[in-house]
Amino acid sequence: MTHTESAASTPNEAPRAVQAAPAVGAIILARHGEPALSRKCLITSDEYRDWWGRYEVGGLRAGQTPPQTLLAAAEGAGAIYASSRLRAQETARAVARDREVLVDALFIEAPLPPPRFPSWIKLSPRYWGVISRFWWHVFNHHEGQETRAEAEVRADQAARILIARAGEGQDVLVLAHGYFNHMVGQRLKAHGWRLAHNQGFKYWSQRRYEKR
């Protein structure tokens, strides 16, 4: 029997259903809430080094309420990750409530060692942060801590983990830090994701990435 004859003999055979590709969830990168340590002071670059050390181990200012949009993002997420820093973990407890949170040091902030300026120069921690980030990013000033190149490798590793989890079909929420979230976002874009919603870098803000 020829192929033509075989096809003709089964006219009522239904064609095979085309299997649809599984849905891909979104990846939401959120910044932690406002820390308790005040930025309302003028300090030297050496004092900022101590200030940043205290900032890194500190928690959130009391009495904050997460925005409803972030609570909704947590409710709709299939997986929630948080940095291992206290401020991120307290944010996760406020946002995720009784949900399981995957705490991972992979999502901690990139370091901020300040350049050594004369002691007569005093700035707020906010401005020292900008200066320190510029020196770290442009001049590779790291003082033996994580370099920009090393942080970029870590950001790509984080992005790949999140992409794999989102590939299971549910949204993924990350509660972490402003600049490292930005670095992860850049790697997501490099892997074919787009920034679909952007609330900037303020506390409790979120950035939503979707697969192109």
Side-chain angles (χ1 to χ4, degrees), residues 24-32 35 45 48-49 51-58 73 77-89 91-92 96 100-116 125 128-203 205-212:
V24 176
I27 297 174
I28 304 163
L29 306 179
R31 191 183 181 194
H32 56 75
S45 61
Y48 176 73
R49 189 173 286 102
W51 184 95
W52 177 255
R54 288 183 286 124
Y55 180 91
E56 278 285 77
V57 299
I80 302 175
Y81 289 85
S83 155
S84 58
R85 297 300 190 210
L86 180 59
R87 61 191 185 276
Q89 292 181 52
T91 299
E100 178 188 12
V101 175
L102 303 169
V103 178
D104 196 330
L106 184 67
F107 297 100
I108 64 173
E109 182 61 289
L112 270 178
R116 296 189 180 275
W128 280 126
V130 172
I131 292 170
S132 300
R133 182 61 70 211
F134 181 82
W135 249 252
W136 178 84
H137 187 90
V138 176
F139 302 127
N140 197 33
H141 177 79
H142 57 83
E143 295 187 352
Q145 301 180 54
E146 185 179 44
T147 66
R148 173 186 169 186
E150 290 168 341
E152 287 174 343
V153 170
R154 178 163 63 94
D156 191 69
Q157 182 182 356
R160 290 177 183 274
I161 289 174
L162 298 175
I163 290 170
R165 195 63 185 259
E168 297 176 4
Q170 290 183 301
D171 292 352
V172 181
L173 173 64
V174 179
L175 301 163
H177 310 274
Y179 195 78
F180 191 69
N181 279 356
H182 165 72
M183 296 183 73
V184 174
Q186 293 299 105
R187 297 313 305 157
L188 290 175
K189 289 180 179 179
H191 288 295
W193 291 64
R194 66 181 182 89
L195 180 58
H197 180 65
N198 183 5
Q199 292 184 341
F201 291 97
K202 61 184 182 294
Y203 299 124
S205 64
Q206 58 179 295
R207 292 182 169 198
R208 180 184 178 92
Y209 293 83
E210 297 176 353
K211 181 67 176 175
R212 291 196 185 98

Evaluation steps, side-chain contact (heavy atoms from CB on, under 4.5 Å), between Asn181 and Arg207: CA-CA 9 Å; Asn181 279 356; Arg207 292 182 169 198; over 6 Å; no

Pairs meeting criterion ring-ring contact (aromatic ring centres under 6.0 Å, His included) with involvement of residues 145-176, two or more places apart: none

Salt bridge (charged side-chain N to carboxylate O under 4.0 Å, His left out) pairs, two or more places apart, involving residues 189-199: Arg194-Glu210

Closest approach of Glu146 to Ala151 (non-hydrogen atoms, all atoms of both residues): OE2-CA, 3.5 Å

Worked check of salt bridge (charged side-chain N to carboxylate O under 4.0 Å, His left out) between Arg154 and Glu150: CA-CA 6 Å; Arg154 178 163 63 94; Glu150 290 168 341; over 6 Å; no

Non-hydrogen side-chain atoms of Leu29 and Leu188 separated by less than 4.5 Å: yes

Asp171 side chain vs Ala26 backbone, donor-acceptor pair below 3.5 Å: yes

Residue pair Leu162, Tyr81: steps toward the side-chain contact (heavy atoms from CB on, under 4.5 Å) verdict: CA-CA 9 Å; Leu162 298 175; Tyr81 289 85; 3.9 Å; yes

Side chain proximity check, Ile27 to Val184, heavy atoms < 4.5 angstrom: no

Minimal non-hydrogen separation, Ala158 against Phe107, with atom names: CB-CE2, 3.7 Å

Residues that His177 engages under ring-ring contact (aromatic ring centres under 6.0 Å, His included), provided they are two or more places apart: His32

Nearest non-hydrogen partners of Pro111 and Gln145, listed with the distance: CB-OE1, 3.3 Å

Student check: side-chain heavy atoms of Trp135 and Pro113 closer than 4.5 Å: no

Closest non-hydrogen atom pair, Asn140 against Arg148: OD1-N, 3.8 Å

Under 3.5 Å donor-acceptor, Arg31 side chain and Phe201 backbone: yes

Glu109 side chain to Tyr179 backbone, donor-acceptor under 3.5 Å: yes

Ala88 versus Ala176, closest heavy-atom pair with distance: CB-CA, 4.4 Å

CD1 on Ile28 to CD on Gln199, rounded to 0.5 Å: 10.0 Å

Under 3.5 Å: donor-acceptor pair, side chain of Ser45, backbone of Pro114: no

Test item: Arg116 and Arg49 side chains (from C-beta on) under 4.5 Å apart, heavy atoms: yes

Exam field: side chain Gln89 to backbone Ser84, donor-acceptor pair closer than 3.5 Å: yes

Partner set under side-chain hydrogen bond (donor to acceptor under 3.5 Å, both in side chains) for Arg133, not counting sequence neighbours: none

Listed partners of Asp156 passing salt bridge (charged side-chain N to carboxylate O under 4.0 Å, His left out), at least two apart: Arg160, Arg187

Residue pair Glu56 / Arg87, side-chain heavy-atom distance below 4.5 Å: yes

Between NE2 on residue His191 and OH on residue Tyr209, distance to nearest 0.5 Å: 13.0 Å

Residue pair Val24 / Trp193: nearest heavy atoms and the distance that separates them: CG1-CH2, 3.6 Å

Side-chain heavy-atom pair Trp51, Leu112 within 4.5 angstrom cut-off: no

For Gln157, all residues meeting side-chain hydrogen bond (donor to acceptor under 3.5 Å, both in side chains), sequence neighbours excluded: none

